[in-house]
Amino acid sequence: MGTKIIQITAAKGPSECAWVVAKILKIFLKELIEANIEYTVLHKVNGIENGTVQSVTVELKGKLLSDFLKNWLGSIQWIGTSTFRKYHKRKNWFIGCYELNQHKEKTINENDIQFQAIRSSGAGGQHVNKVSSAVRAKHIPTGVQVLVSDGRSQHQNKKTAIQRLKEKIADHNIGQLKESVKNEWENHLSLERGNPTRTFTGSDFKQQKKLKSFKTKRNQLKTDLRKQLE
């Protein structure tokens, strides 16, 4: 099972483009579900207008991701009338769909964990634990550490410390990924407006099939050839 990070963005486009991102996101997620691809929305920046999304980043997990994304990566065109400026002359709006570089996740290797036994102190009386059963565990590569004193034995606390470190490292990885996404967003502020990967039209976002455009071009070539022969 592969993993990819995808960003759909309006870049520096106006509110109309951010509105298109919101609409395309719904279509994108629907197709992911149909293709049995798991997804997690990692980061989303809403647009200025209600119902708009300036940028969204999604983590995909599944098989044949590259094949699925062939129909998505690149510029995406929407042909329609502005939803915010009724008399605006522009009819073609572009957004971008990109694959982001993945942040390398930190994994737990017990050889990278430093353990320190600490004397526990109870609330007093005969139940005070006077042995060194508490454990401080530190993951050296990341500096993440935990202190565990729940169990009655050092061995039990050590096992719990490893598990809690794993949970903290997982949170650390997500935090690093989100930060990476914010930084990479700046790299995709310019969009290629020619040769869109997909084209949608109208308020219902019907997709224009490329077969139609190929047929139109073929008919145009036939017409041009016939004129040359006349």
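Keep in mind the model is a prediction, meaning the values are calculated, not measured. Counting begins at 1 with the first residue of the sequence.
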Review point. Can you tell me if NZ on K159 sees more than 12 non-hydrogen neighbours from other groups inside 6.0 Å?
Key: no

Check your understanding: Counting only heavy atoms not in N50, do more than 12 fall under 6.0 Å of its CG?
Key -> no

Exercise for review: Apply side chain to side chain contact (heavy atoms under 4.5 Å, CB included) to the pair F115 and I162, showing each step before the final yes or no.
Suggested key: CA-CA 10 Å; F115 295 99; I162 294 172; 3.9 Å; yes

Practice item. Determine, for R90 against E16, whether the closest basic-nitrogen to carboxylate-oxygen distance falls under 4.0 angstrom. Key: no

**Study point:** From CA spacing to verdict: side chain to side chain contact (heavy atoms under 4.5 Å, CB included), Y98, I6
**Key:** CA-CA 6 Å; Y98 305 98; I6 304 303; over 6 Å; no

Practice item. Would you mind reporting whether Q7 and C97 have side-chain heavy atoms less than 4.5 Å apart? Key: no

Check your understanding: Can N46 and Q54 be counted as having a side-chain donor-acceptor contact under 3.5 angstrom?
Key -> no

Check your understanding: Side chains of V135 and L147: closer than 4.5 Å at any heavy-atom pair?
Key -> no

Exercise for review: May I have the step-by-step check of side chain to side chain contact (heavy atoms under 4.5 Å, CB included) for L60 and E38, ending in yes or no?
Suggested key: CA-CA 6 Å; L60 311 183; E38 298 177 19; over 6 Å; no

Check your understanding: Are side-chain heavy atoms of S55 and H43 found at a separation under 4.5 Å?
Key -> no

Practice item. Mind checking the CZ-CD1 spacing from F84 to I48? Nearest 0.5 Å is all I need. Key: 10.0 Å

Point to revise | Between K44 and T57, a side-chain donor and acceptor under 3.5 Å | key: no

Review point. If you take all heavy atoms of V148 and A161, which pair is closest and at what distance?
Key: CG2-CA, 3.7 Å

Exercise for review: May I have the step-by-step check of side chain to side chain contact (heavy atoms under 4.5 Å, CB included) for V58 and L42, ending in yes or no?
Suggested key: CA-CA 6 Å; V58 186; L42 300 174; over 6 Å; no

**Study point:** Polar contact flag, side-chain donor to acceptor under 3.5 angstrom, R198-Q207
**Key:** yes

Point to revise | K23 and D204 ion-paired at < 4.0 Å | key: no

Review point. For H88, what residues pass the ring-ring contact (aromatic ring centres under 6.0 Å, His included) criterion, not counting sequence neighbours?
Key: W93

**Study point:** K61 to Y39 six-membered ring, cation-pi geometry met (6.0 Å, 45°)
**Key:** no

Review point. Does the T197 side chain pair with the main chain of L73, one donor and one acceptor, at a distance under 3.5 Å?
Key: yes

Review point. Which pair of non-hydrogen atoms, one from A10 and one from A18, has the smallest distance, and what is that distance?
Key: CB-N, 3.7 Å

Study note, to complete from the structure: T52 and S15 have their tightest heavy-atom pair at CG2-O, 4.0 Å

Check your understanding: If only atom types and distance count, is the side chain of T9 paired as donor or acceptor with the main-chain N or O of A11 below 3.5 Å?
Key -> yes

Practice item. Could you tell me which non-hydrogen atom of Q145 sits nearest to which non-hydrogen atom of K168, and how far apart they are? Key: O-NZ, 3.4 Å

Check your understanding: In terms of the angle between their ring planes, are W78 and F205 parallel, tilted or perpendicular, with boundaries placed at 30° and 60°?
Key -> parallel

